[in-house]
Amino acid sequence: MARTLSTLSAIFGAVCCLIALAHIAIGPASIPGSVPVNATMDSEDRFYATLFLGFGAAMIWASRDLSERRRLFQALLLVFFLGGIARLISVAAVGWPNALFVFLTVVELVLPPVFIWMHRRAYPG
């Protein structure tokens with residue numbers, strides 16, 4: 001279980017980094033279903049992408065020693081879960097997004113509890 005969780009967490013972190021790099025390089029055009037945006041929104045998207053890049057890098061780092069980096073791992077998962085909650089707030093405020101982002105909302109709400117469960121099984125106590 002420990003090796004599986006470590007591998008999945010590293011892959012998860014790498015995917016986050018790749019998504020972030022696409023947003024930094026291409027900007028909002030990397031978003032499926034997006035529309036052209038003004039310079040302010042482009043700047044905002046690329047700025048937040050750098051934070052997501054840091055998130056992915058931190059997840060990769062944590063994945064290398066999940067026993068010792070338990071608190072960081074849990075904090076990162078909480079942040080990711082809260083991202084899913086933020087998407088639900090968006091749904092309530094402006095409606096449903098592109099189907100990909102509905103799927104991502106489910107991932108953001110399901111993956112953290114599953115990873116926490118796996119972590120508790122792999123590293124009891």
Side-chain angles (χ1 to χ4, degrees):
M1 181 79 68
R3 176 168 286 209
T4 299
L5 180 59
S6 179
T7 301
L8 290 174
S9 298
I11 292 168
F12 170 50
V15 168
C16 292
C17 288
L18 290 172
I19 291 168
L21 290 171
H23 281 263
I24 292 166
I26 302 168
S30 65
I31 303 170
S34 71
V35 296
V37 299
N38 62 27
T40 300
M41 291 306 301
D42 184 278
S43 173
E44 193 75 353
D45 180 62
R46 292 174 201 254
F47 170 81
Y48 283 122
T50 63
L51 298 178
F52 198 47
L53 180 63
F55 173 92
M59 183 59 72
I60 292 169
W61 185 75
S63 75
R64 299 174 75 70
D65 189 350
L66 291 172
S67 177
E68 287 296 316
R69 299 173 184 155
R70 170 189 314 252
R71 296 279 186 236
L72 173 62
F73 183 65
Q74 292 170 345
L76 290 169
L77 291 173
L78 176 61
V79 168
F80 196 69
F81 181 82
L82 292 174
I85 298 296
R87 287 193 197 270
L88 292 177
I89 292 169
S90 175
V91 168
V94 296
W96 290 99
N98 176 287
L100 171 65
F101 294 96
V102 173
F103 170 75
L104 291 175
T105 302
V106 172
V107 170
E108 291 155 358
L109 296 172
V110 171
L111 186 133
V114 169
F115 275 17
I116 293 291
W117 174 81
M118 290 176 72
H119 191 278
R120 288 186 179 153
R121 298 243 342 191
Y123 305 100

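Computation of the quantities below employed the complete heavy-atom set of this structure, encompassing side-chain atoms and omitting hydrogens, waters and symmetry-equivalent molecules.
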Query raised in the report: Do Val37 and Glu44 pass the side-chain contact (heavy atoms from CB on, under 4.5 Å) test, and can you show the C-alpha distance, the side-chain angles, and the key distance before you say yes or no?
Result: CA-CA 10 Å; Val37 299; Glu44 193 75 353; over 6 Å; no
Query raised in the report: Counting only N and O atoms by type, is there a donor-acceptor contact under 3.5 Å from the side chain of Thr105 to the main-chain atoms of Phe101?
Result: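 Yes, the answer is positive, given that a donor and an acceptor are paired below the 3.5 Å cut-off.
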Query raised in the report: Is there a donor-acceptor pair closer than 3.5 Å between any side-chain N or O of Ser43 and the backbone N or O of Ala39?
Result: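 Not confirmed, Ser43 side chain does not pair with Ala39 backbone.
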**Report entry** Arg70 CZ: over 12 foreign heavy atoms closer than 6.0 Å
**Finding:**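 Yes, the 6.0 Å shell around CZ holds more than 12 heavy atoms from other groups.
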Query - Phe12 with Val107, same ILVMFWY side-chain cluster at under 4.5 Å - result: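 Yes, Phe12 connects to Val107 through the hydrophobic network.
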Query - Joint cluster assignment, Met1 & Phe115, ILVMFWY side-chain distance < 4.5 Å - result: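 Same hydrophobic cluster.
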Report task. Please round to the nearest 0.5 Å and tell me the distance separating atom OG of Ser9 and atom CZ of Arg69. Result ->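 Ser9 OG to Arg69 CZ: 12.0 Å, rounded to 0.5 Å.
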Query - Approximate separation, where rounding is to 0.5 Å, of Leu104 CG and Asn98 CG - result: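 So the gap between those two atoms works out to 9.0 Å.
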Check residues 80-96 and write down every donor-acceptor pair under 3.5 Å in which the side-chain atom is one partner and the other belongs to a residue at least two apart or another chain.
from: Arg87; atom 1: NE; to: Glu108; atom 2: OE1; distance (Å): 2.7
from: Arg87; atom 1: NE; to: Glu108; atom 2: OE2; distance (Å): 3.0
from: Arg87; atom 1: NH2; to: Glu108; atom 2: OE2; distance (Å): 3.1

Requested in this report: Please name the residue in the list Leu72, Val79, Leu77 that meets the side chain to side chain contact (heavy atoms under 4.5 Å, CB included) test with Met59.
Outcome: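 Only one of Leu72, Val79, Leu77 forms a side chain to side chain contact (heavy atoms under 4.5 Å, CB included) with Met59, namely Leu77.
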Report task. Find out whether Leu100 and Ile31 are in side-chain contact, i.e. whether some heavy atom of one side chain is under 4.5 Å from a heavy atom of the other. Result ->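 No. Closest side-chain heavy atoms not under 4.5 Å.
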Query raised in the report: Going by heavy atoms in the side chains, are Thr7 and Arg3 under 4.5 Å from each other?
Result: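 In short, these two side chains touch, coming nearer than 4.5 Å.
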Side chains of residues 60-67: which donor-acceptor partners sit under 3.5 Å, not counting sequence neighbours?
from: Ser63; atom 1: OG; to: Ile60; atom 2: O; distance (Å): 2.6
from: Asp65; atom 1: OD1; to: Glu68; atom 2: N; distance (Å): 3.2

Query raised in the report: Taking ILVMFWY side chains as joined if any heavy atoms are under 4.5 angstrom apart, and letting links pass through other members, which residues group with Tyr48?
Result: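 When side chains under 4.5 Å apart are linked, the cluster holding Tyr48 also contains Phe47, Leu51.
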Requested in this report: Would you please test Phe73 and Leu5 for side-chain contact (heavy atoms from CB on, under 4.5 Å) and show each step?
Outcome: CA-CA 11 Å; Phe73 183 65; Leu5 180 59; 4.1 Å; yes
Which pairs of donor and acceptor atoms, one on a side chain in residues 15-27, lie under 3.5 Å apart (sequence neighbours left out)?
from: His23; atom 1: ND1; to: Ser30; atom 2: OG; distance (Å): 3.4
from: His23; atom 1: ND1; to: Asp45; atom 2: OD1; distance (Å): 3.0
from: His23; atom 1: ND1; to: Asp45; atom 2: OD2; distance (Å): 3.0

Query - All pairs passing side chain to side chain donor-acceptor pair (under 3.5 Å) where residues 111-120 contributes a residue, at least two apart - result: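 Applying side chain to side chain donor-acceptor pair (under 3.5 Å) to every pair that reaches into residues 111-120, excluding sequence neighbours, yields nothing.
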Query raised in the report: Any salt bridge (charged side-chain N to carboxylate O under 4.0 Å, His left out) pairs touching residues 5-31, not counting sequence neighbours?
Result: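 Residue pairs with at least one partner in residues 5-31: there are none.
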